[in-house]
2 protein chains.
Amino acid sequence: MINFEFHNPTKVVFGKKSESQVGQLIKSFNGNKVLIHYGGNYLFENGVMDAITTSITQEGLEYILFGGVVPNPRLELAKEGVELAKREKVDFILAVGGGSAIDSAKAIAYGLVNDFDLEDLFMAKVTTSNIAPIGCISTIAATGSETSNSTVVTLEYNGEVLKRSYNHDCARPLFAIMNPELTFSVPPYQSASGGADIMFHTMERYFSNTEDVKLTDKIGEAILQTVYQEVPKVLTNPNNYEARANLMWAGSLSHNGLTGTGRASDFPVHKISHELSAMYDVTHGASLTAVWGTWSRYVLNNHINKFAQLAVNVFGIDPNFEDLKETALNGIVAWETWCKDIGMPTSLSELGVNPTDKEIEEMANHAVMTGGGTIGKFFKPLSQKDVVNIFNLAM
Amino acid sequence: MINFEFHNPTKVVFGKKSESQVGQLIKSFNGNKVLIHYGGNYLFENGVMDAITTSITQEGLEYILFGGVVPNPRLELAKEGVELAKREKVDFILAVGGGSAIDSAKAIAYGLVNDFDLEDLFMAKVTTSNIAPIGCISTIAATGSETSNSTVVTLEYNGEVLKRSYNHDCARPLFAIMNPELTFSVPPYQSASGGADIMFHTMERYFSNTEDVKLTDKIGEAILQTVYQEVPKVLTNPNNYEARANLMWAGSLSHNGLTGTGRASDFPVHKISHELSAMYDVTHGASLTAVWGTWSRYVLNNHINKFAQLAVNVFGIDPNFEDLKETALNGIVAWETWCKDIGMPTSLSELGVNPTDKEIEEMANHAVMTGGGTIGKFFKPLSQKDVVNIFNLAM
């Protein structure tokens, strides 16, 4: 186990009707004028936005609405939000939606109190520990951005479309309101893709070189088992409160840092998949499942025991101690079967993309850029060439 | 699953030599003059106190020392601490030690910024959400007080010795420094007792009437498995860093609220055992193991499935679906065997106490007092008569 810090001050308010507490919560964190940032107009149709603005008004606070968030949120929109927030003298940012709305709101909150260009933040040219006060109401079980320290945006830089993140503890929202009922209306594909996203926030940390992090491993397996068991239930019955609730809480715990305590990781599968989202605007969770099976077989020989542990403890495979590689492979196959059952792709063609060699080269270049030419350095280091191979094998 | 709030803002700094960051941490939380509160003089012999005071002095901060904490810490000492802290114009309380030092420091921190008598706080006559800034350096894997919201003290009230708690989120320390190396010197009995304490913070929440908290259950089982597997390792090799580290992190996660998310509990076994500690000054963890086997058999028939789940998922018992009660009982027996192996008592006589009927009546009266005559109301409600029965059966 390696030394670590764990600091997760977000106040979680979880359960039925919890969105009605939003005004009170903003007030407790000294907010006066609120920018409500969101994506889907469904929030006006299902009464949720009405409940939110009523709660805010009842506390004597002001608000303005700023919509327009799309999946893989664009930095351009966040920059518009910064201008609006400055003009309107907003002092609190409230995100309502999934990871895209929350990350876009985090980007606005960075822009509101810092003078640098936001591009510079996401292209790793500047750093900051300053952010405007932010809270959120989560409406999907997925990224866990409601308690995480990360902000992921899509931006154009030197004529290229890139998906980039900035991670700092200051970006953990002051509060996260999580009502599983708000996720009942999430369509099947997004529900499954959100489940995959939760799974990979744990998986990316689980596959680490760090030895002897038994408790962290077991907690990770608890979350992975939960996703594996609960996603099919919400596809069968979208209004299954308990399954939605278990998934929603799993989403936060998977990415609030808990599943990484005591070990190193650098999210190689995310880095590969982010390039698919940037180039083809595909759903994040689906871009992860489209490459994980290929990645896992590519790196398997260096880490047979860990893949066998996953197979036995999460996917319920009987261990074959004579041939742990078989056990490990059976686990990957079980995972692929699960993906098919919940409608998630396990190849690029199932994802609906068919990159040319030139596009694969370009995506591989971008993928390894942030790692100085190598990703996966805390597990199985992958060069640009390896990433090209993985894309080709994943076709 | 029931609605819940989860707010755990304590900054955890975990790992080797982490105590050398204490000055920096206190400064980051605006401390200037620090009361260092502790128990054992071993801290001066092993160099730990020197590292702490050096770090504090290097940051230009002042400190005064205030020792004398004993297990089952006395409110009288905390009141002396309040007077000293006021006289010396202290603005930050640093606890160094185990749960007793941390809880005593929390009591001082309450006293420093509130005008009421501390007895009134612990006898539930007043409440507060104010506490002076507090940080801690934990030296044992046990209570988890380093990140918990609870404060437990022993006090004399109307001529009787009582062990009482006050729980409020304001009492979560601003930071918790956790260096597993500092726990190498914890003697075997205290190591085992600390492990039992960790186990029971999860077990008390695990046995709840609330249905369908699958993720919370699985995380609880992850912690219970860790305690079950790691305690024997630290008894065999006290300097096993990895085992000490897994146990230490389990101690925090077991009692920071995580294992209770989404369900109700009121800690009946703690309430029974606290009376043993109050009357006989026995070690907390040992007082819990001395009664749990009896309590579990006493309440088993109402909750056979949950006890069977514990037996299978934590103690590795093969399930007998024809007779789940047998499975459940085998789990209790496996737990008792583990207790014997690690030197923990499973009866009052093994704990070394032999209460009279009058003493049992008195302890049972006190135990149910805080619950308005009933404890365990979220699982199997127990009256004063039930508690008398449990004490007698546990002899």
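Remember, predicted model here, so these are calculated numbers, not experimental data. Throughout, a chain's letter reflects where its sequence line sits, starting with A, and its residues are numbered from 1.
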Once you leave out hydrogens and angles, what donor-acceptor pairs under 3.5 Å do chain A and chain B share?
residue	atom	partner	partner atom	Å
A:Met1	N	B:Glu242	OE1	2.8
A:Met1	N	B:Glu242	OE2	3.4
A:Asn3	OD1	B:Lys16	N	2.9
A:Asn3	ND2	B:Lys16	O	3.2
A:Phe4	N	B:Phe14	O	2.9
A:Phe4	O	B:Phe14	N	2.8
A:Phe6	N	B:Val12	O	2.9
A:Phe6	O	B:Val12	N	2.8
A:His7	NE2	B:Pro9	O	3.0
A:Pro9	O	B:His7	NE2	3.0
A:Val12	N	B:Phe6	O	2.8
A:Val12	O	B:Phe6	N	2.9
A:Phe14	N	B:Phe4	O	2.8
A:Phe14	O	B:Phe4	N	2.9
A:Lys16	N	B:Asn3	OD1	2.9
A:Lys16	O	B:Asn3	ND2	3.2
A:Lys214	N	B:Asn246	OD1	3.4
A:Leu215	N	B:Asn246	OD1	3.1
A:Lys218	NZ	B:Gln225	OE1	3.4
A:Lys218	NZ	B:Gln229	OE1	3.1
A:Gln225	OE1	B:Lys218	NZ	3.4
A:Gln229	OE1	B:Lys218	NZ	3.1
A:Glu242	OE1	B:Met1	N	2.9
A:Glu242	OE2	B:Met1	N	3.4
A:Asn246	OD1	B:Lys214	N	3.4
A:Asn246	OD1	B:Leu215	N	3.1
A:Trp249	NE1	B:Thr261	OG1	3.0
A:Thr261	OG1	B:Trp249	NE1	3.0

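In this structure, chain B has a heavy atom under 4.5 Å from the side chain of A:Leu253, while its backbone stays farther away.
For B:Ile140, the side chain to side chain contact (heavy atoms under 4.5 Å, CB included) test picks out B:Ala142, B:Val186, B:Gln190, with sequence neighbours left out.
Summarising the geometry of A:Leu215 relative to B:Ala222, their closest heavy-atom pair is CD1-O, 3.9 Å, with the distance given to 0.1 Å.
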